Amino acid sequence: MTIVSAGEILWDVFPDSERLGGASLNFAAHAARLGHRVIFLTAVGDDQRGRAARKRAAELGLPAEYIQKVSGAPTGIVTVRLDAAGLPDFTIHRPAAYDLLRLDDACLERIAASGPEWIYYGTLYPAEPASRVELTKLLDALPAARRFYDINLRRNCWTPELVAELLRRAHAVKLNEDEAAEIDAFSGRAPGSLEAFTAWWAGRLGWQAVAVTRGDKGCAVRIGRDYAESPGQRVAVVDTVGAGDAFAAAFLHGLSLGWDAARTGDFANRLGALVASRAGGVPDWTPAELESSSRRVADDRTTD
C-alpha cells in the first residue's frame, strides 16, 4: 500500500555518535522495509546534517522528492541519553528545519494522485502552530486516506488540547501505557483495564484499531471488536530508540493485510523487539529475521 508519513526528520545525538532518526522517519523506513511505498514529507536545513540526512533517507528507501531543503533553521537534532536499561531520555532542540515544511497545491495534488491509503502523523511536528496548519491541509487534501496517529508524547512538546484534536482525527492510534494514563487523566475518564480503555475510546471516537505498547510486557491490540493481549519478546536490549516506531509500522502492516488482533500484536512485538536489540532507530534487519524470531517464539510457547 501507499503511506504518507508527515513530520520530523532529525539526528539522534548520542554521547558517542549521531544517527538519523525522528519518529516519522523511523516509521517510514520500517514501513518501506516491510514492502510498502512511503511518501515521506519533511524538511532539512541547507547544512551538512541536511545533506547527510537526504543521502541516508535514500539509502533507507525513502526518495528525497518530498524531503524539502529550507533556509531559516538547521536540520533537527535531539540529544539522547540512555539509562542502564537502554531507555532513552530526549532533549529536542528547536527551531528545526522540519518545522518549516510547507505543502503547496502542486505538492498536494501530486500526493493525492498516488492514491495513499494511510496518512501517518505524530504529536511533535504539529506541536508548532504553522506545522499544524500544514498537517490540516494534508488531511483535507486526502479525504479518502485513513489516518494513523502515533502519539509519541515528548516532554514540553504537547498540550491536552492538541492531543485531543489529533485523536479525534484518527482512524487508528498507537500509544504506550503511560500515554494512555495521560489521556484518561486529562479527559477525566476513570482508569481501568486496557481492554476497557481501548473499547471506550474506540467507541467514543470511532477508531478502527488501537494498539497500546507495554514494554517488555508486550502489547494490547483492538481491531474492531477483536481484542488481544500479546506477550513481550525475550531479547537483550541495546537501546529502545525507534522500537516503538518499528512497532507502529508493523501494526499498520497487519491492518493492511487484514490480520486479527493477536497476529498483528505478535508481529508488531517481534519487530519492535528486534529493533530494540540493536543500536539506533533504524538498524538493519531483514524479513527473514522476523520469520526466525516467529519460530523462536513458537518454540518458547511450546516449551512453556
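Just so it is clear, the model here is predicted, and its values are computed rather than measured. Basis for what follows: all heavy atoms, side chains included, without hydrogens, waters or symmetry-related copies.
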- Query: Is a side-chain donor or acceptor of Q233 paired with a backbone partner of L274 at a separation under 3.5 angstrom?
  - Reply: no
- Item | Charged N-O contact under 4.0 Å between D150 and K174 | yes
- Message: Do L139 and I151 sit in one hydrophobic cluster, given that two such residues count as connected whenever their side-chain heavy atoms are within less than 4.5 Å of each other, even indirectly?
- Response: yes
- Message: Between L124 and I67, is there shared hydrophobic-cluster membership here, with clusters defined by ILVMFWY side-chain heavy atoms closer than 4.5 Å?
- Response: no
- Message: What I want to check is whether the side chains of T75 and R49 have a donor and an acceptor closer together than 3.5 Å.
- Response: no
- Any ion pair linking R278 and D239 (charged N to carboxylate O, less than 4.0 Å)? no
- Item | E134 side chain to L103 backbone, donor-acceptor under 3.5 Å | yes
- Here the pair of heavy atoms bringing I111 nearest to P116 is O-CD, 3.4 Å
- Message: Check this for me: does any side-chain nitrogen of one of E8 and R154 sit under 4.0 Å from a carboxylate oxygen of the other?
- Response: no
- Item | Side chains of S114 and R37 in contact at under 4.5 Å (non-hydrogen atoms) | yes
- Where is the tightest heavy-atom contact between A43 and A97, given as atom of each residue plus distance? CB-O, 3.4 Å
- Smallest heavy-atom separation, N269 atom then C219 atom, equals OD1-SG, 3.5 Å
- Keeping the roles fixed (side chain from W207, backbone from L167), state whether a donor-acceptor pair exists under 3.5 Å. yes
- Task: Look at the side-chain heavy atoms of Ile, Leu, Val, Met, Phe, Trp and Tyr, link any pair under 4.5 Å apart, and say whether Y227 and W201 land in one connected group.
- Result: yes
- Message: Tell me whether D104 at atom CG has more than 12 heavy atoms from other residues, nucleotides or ligands lying less than 6.0 Å away.
- Response: yes
- Any side-chain heavy-atom pair of L62 and V38 under 4.5 Å: yes
- Any ion pair linking E165 and R168 (charged N to carboxylate O, less than 4.0 Å)? no
- Item | Exercise: identify the closest heavy-atom pair between Y120 and S5 | CD2-OG, 3.5 Å
- Geometric class of the H30/W285 ring pair [parallel <30°, tilted 30-60°, perpendicular >60°]: parallel
- Query: Do E117 side-chain atoms and T2 backbone N/O form a donor-acceptor pair below 3.5 Å?
  - Reply: yes
- Note on the structure: Rounded to the nearest 0.5 angstrom, the CH2-CD1 distance for W11 and I77 is 12.0 Å
- Query: In Å and rounded to the nearest 0.5 Å, what is the CZ to OG1 distance from R81 to T91?
  - Reply: 5.5 Å
- Message: What I want to check is whether the side chains of Y149 and T123 have a donor and an acceptor closer together than 3.5 Å.
- Response: yes
- Counting only N and O atoms by type, is there a donor-acceptor contact under 3.5 Å from the side chain of T240 to the main-chain atoms of A243? no
- Message: If only side-chain N and O atoms count, and only distance matters, is there a donor-acceptor pair under 3.5 Å linking W118 with H171?
- Response: no
- Query: Under 4.5 Å between side-chain heavy atoms, hopping through other hydrophobics if needed: is there a path connecting L82 to L10?
  - Reply: yes
- Taking all atoms of both residues into account, what is the closest heavy-atom pair of L100 and G72, and its distance? CD1-C, 4.1 Å
- Indicate yes or no for a side-chain donor-acceptor contact from D226 to the backbone of A261 under 3.5 Å, with no hydrogens or angles considered. yes
- Y121 (side chain) donor-acceptor with L166 (main chain) under 3.5 angstrom: yes
- Message: Please determine whether residues I9 and V13 belong to a single hydrophobic cluster, defined as Ile, Leu, Val, Met, Phe, Trp and Tyr linked transitively by side-chain heavy-atom distances below 4.5 Å.
- Response: yes
- Output yes when a side-chain donor or acceptor of R222 lies under 3.5 Å from a complementary backbone atom of E195, and no otherwise. yes
- Item | Donor-acceptor contact below 3.5 Å, side chain R132 vs main chain P126 | yes
